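Fair warning: this is a prediction, and the values are worked out from it, not measured in the lab. FYI, side chains are in, hydrogens and waters are out, and symmetry mates aren't considered; it's all heavy atoms of this structure.
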Amino acid sequence: MILPGLFFDADLGWRAFLKTQGVTGAIISYARDSGVVGRQAFIVGFEAVRTDRQQAQSLIAYAEHLWEREATISFWQSRVSEQAPVTRIVAGRAPCHDEMARLLDRFDHMAVARHVEPDARMQALLFRSPADGAFSPECRQSISRVLPLFMQSAGAFVAARHEERRAAQLEAMFDKVSMATMLVDANGRPIFCNDAARKMLDERKWLVQGSDGTIGCTNPAHSKPFRNAVRGVATIGEIVPTDAVLRLDNEDGEWRLAFIVPAVSRFRDETSRCAMVLIHAPARTDASAELLSALGLLPSEQRFLNSFLRANSLSEAATDTGVSDETARTYLKRVRAKLGVHRQMDLAGLISRLVPPIRQRPSASAR
């Protein structure tokens with residue numbers, strides 16, 4: 001038995017409250033029947049198992065046994081010594097060490113407490129030391145009253161952790177894309193930016209983030225159309241699919257195209273409309289060796305083609321690759337034949353359409 005999520009002493013304020021009730025060790029399970037958050041376990045105290053996941057799983061298996069046995073009772077208590085040894089209960093269910101029994105020897109009383117709602121449930125196994133004795137009626141009432149608050153804080157904590165993992169996965173995926181990509185809400189505030197978009201905002205050549213957090217254009221003439229387009233796509237696009245394309249110019253005479261398309265942002269169990277902004281740069285011709293090999297070009301032809309696409313003339317490409325003009329003409333003829341391009345001016349256009357907006361890995365020689 002392994003719970004999908006396991007948290008040790010999560011910063012939820014539980015330890016401080018439990019200590020006031022004489023509880024110095026606790027295993028708490030939180031589960032939802034719907035949504036993206038599944039079953040999670042929290043261990044409070046038990047510092048010895050913090051670095052030993054097998055022992056933690058054994059503790060959870062022990063708690064599971066008691067929760068299953070007392071499945072219909074909202075609060076139940078017993079002496080630890082009156083229960084079957086932990087080594088017997090967890091045998092065959094989770095890895096167990098001899099230290100497990102010693103972990104519980106320092107406790108005298110235990111209690112099972114649970115709180116159930118229509119779509120969620122929380123179960124707790126609580127331990128008190130011999131000096132604190134049994135759970136009094138007042139202690140039981142305090143724990144029963146606070147369990148719904150524990151459930152709320154656990155749900156918010158787990159959902160936030162889920163969103164952090166999801167955002168990290170999204171970031172890792174989109175950071176591989178060289179095209180600046182961002183999600184913005186209807187007011188133009190960013191929800192997510194990939195690495196290329198963050199660099200673009202830092203450069204402040206086409207887009208800029210204001211003090212209020214909204215995205216605008218460095219060219220004042222473009223800011224209002226840009227924000228209107230974002231607002232229209234993020235709101236009107238919910239009813240009628242709407243796209244927008246804007247040209248962004250900077251003071252250096254360079255330009256980019258901003259494609260704004262409808263998107264959806266999902267946080268916890270809620271979804272909201274937003275806009276995806278893709279900033280498209282002028283055509284790239286830095287084709288990778290993998291792409292050119294897939295097109296059937298030999299390594300020598302690949303080197304020539306990359307030089308030719310950067311050069312101002314065939315003779316310059318020949319010099320750059322260290323071949324004669326005649327050999328360069330032969331390479332060009334073979335490359336055009338393999339790619340099915342009959343005019344030289346179409347060659348760069350073809351390659352630019354084939355190159356995906358993926359960040360290039362450093363070459364072996366660069367590494």
### Query
Honestly curious: do F75 and L149 fall in one hydrophobic cluster under the side-chain, below-4.5 Å linking rule?
yes

### Query
Any Lys/Arg nitrogen of R32 or D119 sitting under 4.0 Å from an Asp/Glu carboxylate oxygen of the other?
yes

#### Entry: L291 with L298, same ILVMFWY side-chain cluster at under 4.5 Å
no

### Query
Within a strict 4.5 Å, meaning less than it, do heavy atoms of the Q21 and V146 side chains meet?
no

### Message
I'd like to know whether F304 forms a side chain to side chain contact (heavy atoms under 4.5 Å, CB included) with T327, so could you lay out the CA-CA distance, the side-chain angles of the two residues, the decisive distance to 0.1 Å, and finally the verdict.
### Response
CA-CA 10 Å; F304 165 76; T327 300; over 6 Å; no

### Within-4.5 Å side-chain heavy-atom neighbours: Q77 and H109
yes

#### Entry: Note, Y62 side chain near L125 side chain (heavy atom, < 4.5 Å)
yes

### Task
Could you pull out the closest heavy-atom pair between H280 and M179, with the gap in Å?
ND1-CE, 3.6 Å

### Query
Between CZ of R227 and CD1 of I260, what distance do you get to the nearest 0.5 Å?
12.0 Å

### Query
Taking C-beta and beyond as the side chain, do F308 and V335 meet within less than 4.5 Å on heavy atoms?
no

### Task
Indicate if L257 and V261 have the same hydrophobic cluster label, given that clusters are the connected sets of ILVMFWY residues with side-chain heavy-atom separations under 4.5 angstrom.
yes

### Task
Could you tell me the separation between the CG atom of L126 and the CZ atom of R140, rounded to the nearest 0.5 Å?
12.5 Å

### Query
If you group Ile, Leu, Val, Met, Phe, Trp and Tyr by side-chain heavy-atom gaps below 4.5 Å, do V208 and L201 land in one group?
no

### Spacing of F135 atom CZ and W76 atom CH2 [to the nearest 0.5 Å]
10.5 Å

### Query
Looking at R329 and D325, does any basic side-chain N land under 4.0 Å from a carboxylate oxygen?
no

### Summary
dist L332:CG -> E301:CD (nearest 0.5 Å) comes out at 11.0 Å

### Query
Any idea which heavy atoms bring D320 and R310 closest together, and the distance?
OD2-NH2, 3.6 Å

## Note on the structure
In this structure, CG of L292 is separated from CG of L305 (nearest 0.5 Å) by 5.5 Å

### Query
Side-chain contact, heavy-atom cut-off 4.5 Å: L295 with L339?
yes

### Query
For R106, does the CZ atom have more than 12 heavy-atom neighbours from other residues, nucleotides or ligands under 6.0 Å away?
yes

### Query
Same hydrophobic cluster for V80 and V112, using side-chain heavy-atom links shorter than 4.5 Å among ILVMFWY?
yes

### Message
If you count heavy atoms of other groups shown closer than 6.0 angstrom to CD of E82, is the number above 12?
### Response
yes

### Summary
Hits for side-chain hydrogen bond (donor to acceptor under 3.5 Å, both in side chains) against T24, two or more places apart or cross-chain, chain-then-number order -> none

### Working for salt bridge (charged side-chain N to carboxylate O under 4.0 Å, His left out), residues R128 and D108
CA-CA 6 Å; R128 288 166 65 108; D108 182 49; over 6 Å; no

### Message
Would you call the rings of F150 and W14 parallel, tilted or perpendicular, taking 30° and 60° as the class edges?
### Response
parallel

### Message
With side chain to side chain contact (heavy atoms under 4.5 Å, CB included) as the criterion, how do Y30 and F157 come out once you've worked through the C-alpha distance, each side chain's angles and the decisive distance to 0.1 Å?
### Response
CA-CA 11 Å; Y30 167 80; F157 174 81; over 6 Å; no

### Query
Is any side-chain heavy atom of N219 less than 4.5 Å from a side-chain heavy atom of L248?
no

### Task
Would you check if M122 and I28 make a side-chain contact, meaning some heavy-atom pair closer than 4.5 Å?
yes

### Summary
Minimal heavy-atom distance between Y331 and S300, with the atoms involved, is OH-CB, 3.4 Å

### Query
So R69 and Q83, side-chain hydrogen bond (donor to acceptor under 3.5 Å, both in side chains) or not? Walk me through it.
CA-CA 12 Å; R69 197 185 71 185; Q83 302 304 312; 2.8 Å; yes

### Task
Report yes if the distance between the aromatic ring centroids of F46 and F127 is under 6.0 Å, otherwise no.
yes

### Query
Where do V23 and D132 land on the side chain to side chain contact (heavy atoms under 4.5 Å, CB included) test, with the steps shown first?
CA-CA 8 Å; V23 176; D132 293 306; over 6 Å; no

### Query
Would you call R198 and D195 a salt bridge, taking side-chain N to carboxylate O under 4.0 Å as the test?
yes

#### Entry: P262 side chain reached by D243 side chain, heavy atoms, under 4.5 Å
yes

#### Entry: Spacing of CG belonging to D52 relative to CD belonging to Q57, to within rounding of 0.5 Å
9.0 Å

